Amino acid sequence: MVAVTPAKTQLNVGTLYGTQIYVTTGQGLAGFDYEMAVRFADYLGLKLNMKPYDSIHDLYNALRDGDIDLIAAGMADTDYRREQFRLGPPLYYVNQLLVYKQGVKRPKDINHLEDHVTVIADSSFVETLASLHKTYPELRWKQYSDKDSEELLAMIARNEITYTIADSTTFDINRRFMPELRAGPILRKNQAVVWLLPPKNSDKLMSHLLDFWHEQKRSGTLAHLNEKYFAHIKRFDYVDTRAFLRAIDNKLPRYREHFEQYAGEIDWRKLAATAYQESHWNPNARSPTGVRGLMMLTLPTAKQMGVANRLDPKESIRGGAKYLNKILQRLPDSIPESQRMWFALASYNIGFGHVEDARKLAQSMGMNPSAWRDIKHVLPLLQKRSYYRHTRYGYARGSEAVQYVENIRRYYDTLIWVDNQSNELNQDMASHHQQTAEQVEDARIADSTLPQ
């Protein structure tokens with residue numbers, strides 16, 4: 001009797017936790033590698049089983065042992081990985097940066113360091129340091145196998161270590177939460193980020209991955225994910241970031257309940273981020289153009305939304321949320337769910353008609369009118385007479401609308417990070433209280449068994 005190999009039903013993918021890789025948010029799972037893995041599993045007609053591992057070393061072993069089919073974890077293309085595994089096509093490119101904290105003297109190069117460098121074990125950074133050591137024999141480093149890049153950056157911020165290395169995307173993301181981080185010399189430029197496959201018996205999977213990659217590149221998916229996860233993080237304002245983090249502690253608690261109550265279909269943190277962009281959470285804010293309150297509503301919009309007093313924070317939040325939800329409902333179905341909020345926010349800023357003008361202009365230029373990555377390049381054209389004279393609604397400050405949306409996206413990402421940090425702290429505290437209660441109970445039982 002011939003044994004029949006059961007058909008494969010799922011794609012097993014190993015990963016690491018990371019904001020741009022694989023992370024749990026209030027809206028579910030997210031991350032560049034996660035979204036690509038979802039699409040690849042769908043492409044193969046398989047169910048995705050994506051599992052985060054504790055370390056790069058564990059990921060390597062899982063791939064070698066056949067526990068996973070591939071590694072999708074923001075891994076850079078290195079010589080060691082080429083020797084040990086098969087590398088997929090490039091997903092995006094990063095620079096390797098030396099990172100230190102504000103207040104530490106900026107090193108001119110890797111040979112002028114006041115302390116050793118701390119990096120993740122088995123990371124591409126170890127290979128970079130080993131290569132540099134040939135030229136700079138005084139270079140010293142320490143490796144951690146139980147931490148990730150974000151943890152090492154946090155240790156920099158807490159003055160626990162002096163230097164680390166991070167890829168440019170991880171640095172850009174995390175300096176919004178830790179604005180004291182500073183970038184030193186670039187140690188390696190334009191390093192491709194790839195997926196890793198087993199060195200043997202992976203010809204078929206590699207063939208599928210290459211076909212899938214070409215399809216995603218041709219359809220614009222790679223460009224969309226690059227825009228979604230990385231485009232809005234490049235601009236950094238130290239003063240604004242510090243002010244926002246302080247406002248989260250000092251101002252947000254007064255209004256959070258109202259944001260949660262009235263958000264409707266919107267993630268309350270997007271609504272809160274919008275309010276911060278509008279008024280910096282100042283309920284008495286007003287502008288020379290006549291908009292007022294926490295959500296900076298015009299008088300006609302306030303009346304339409306049933307807001308009697310624009311300076312009442314609860315009414316303002318309710319009116320702003322109602323207005324945003326109405327805009328979302330008006331948007332064409334062709335705009336993907338993941339991007340609808342950005343179109344709605346641009347409309348909130350400069351008006352629905354102007355955004356529609358930009359969409360029509362994009363289509364006339366052979367661009368995708370339902371992709372934010374294209375519309376944000378078209379909106380500034382509404383300030384140029386040669387373009388806006390052919391539109392229905394005319395001139396608009398489109399570049400301001402783009403910056404408006406990008407700011408809100410950054411504020412939103414920061415609110416997610418703060419929420420996640422708070423949840424982790426609460427879980428740690430709950431675990432500590434549970435352990436303490438168990439210890440007290442064990443002591444009570446032990447005490448009751450002692451001779452009286």
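Computed from a predicted structure; not experimentally measured.
- Residue pairs meeting the side chain to side chain donor-acceptor pair (under 3.5 Å) criterion with at least one member in residues 54-65, sequence neighbours excluded: Ser55-Asp58, His57-Asn61, Tyr60-Arg81, Arg64-Tyr80, Arg64-Gln84.
- More than 12 heavy atoms of other residues, nucleotides or ligands lie within 6.0 Å of CD in Glu215, so this atom counts as buried by the packing criterion.
- Checked against side-chain hydrogen bond (donor to acceptor under 3.5 Å, both in side chains), Asn12 has the following partners two or more places apart in sequence or in another chain: Gln10, Asn49.
- A salt bridge links Glu406 with Arg409: the distance from a Lys NZ or Arg NE/NH1/NH2 to an Asp or Glu carboxylate oxygen falls below 4.0 Å.
- Taking Tyr100 as the reference, nothing meets the ring pair (Phe, Tyr, Trp, His ring centres under 6.0 Å) condition, with sequence neighbours excluded.
- Under a 4.0 Å N-O distance rule, the pair Arg242/Glu180 qualifies as a salt bridge.
- Asp167 meets the side-chain hydrogen bond (donor to acceptor under 3.5 Å, both in side chains) test with Thr169, Thr170; sequence neighbours excluded.
- Shown here is Asp146, whose CG atom has more than 12 heavy atoms of other residues, nucleotides or ligands within 6.0 Å.
- In this view, Tyr43 and Phe212 satisfy the ring pair (Phe, Tyr, Trp, His ring centres under 6.0 Å) rule, not counting sequence neighbours.
- Salt bridge annotation for Lys270-Asp413: absent, with no cationic side-chain nitrogen under 4.0 angstrom from a carboxylate oxygen.
- Shown here are the salt bridge (Lys or Arg N to Asp or Glu O under 4.0 Å) partners of Asp33, two or more places apart in sequence or in another chain: there are none.
- Tyr276 meets the ring pair (Phe, Tyr, Trp, His ring centres under 6.0 Å) test with Phe244, His280, Trp281, Tyr411; sequence neighbours excluded.
- Using a cut-off of 4.0 Å between Lys/Arg side-chain N and Asp/Glu carboxylate O, Lys8 and Asp69 are scored as salt-bridged.
- Residue pairs satisfying the ring pair (Phe, Tyr, Trp, His ring centres under 6.0 Å) criterion with at least one member in residues 133-167, sequence neighbours excluded, are listed as follows: His133-Trp141.
- Residues forming a side-chain hydrogen bond (donor to acceptor under 3.5 Å, both in side chains) with His224 (at least two apart in sequence, or on another chain): Gln339.
- For Tyr92, the ring pair (Phe, Tyr, Trp, His ring centres under 6.0 Å) partners at least two apart in sequence or on another chain are Phe32, Phe230.
- Residues passing the salt bridge (Lys or Arg N to Asp or Glu O under 4.0 Å) test with Arg373: none are found, sequence neighbours excluded.
- Qualifying salt bridge (Lys or Arg N to Asp or Glu O under 4.0 Å) partners for Arg86, counting only residues two or more places apart in sequence or in other chains: Asp203.
- Atom CD of Glu160 is surrounded by more than 12 heavy atoms from other residues, nucleotides or ligands within 6.0 Å.
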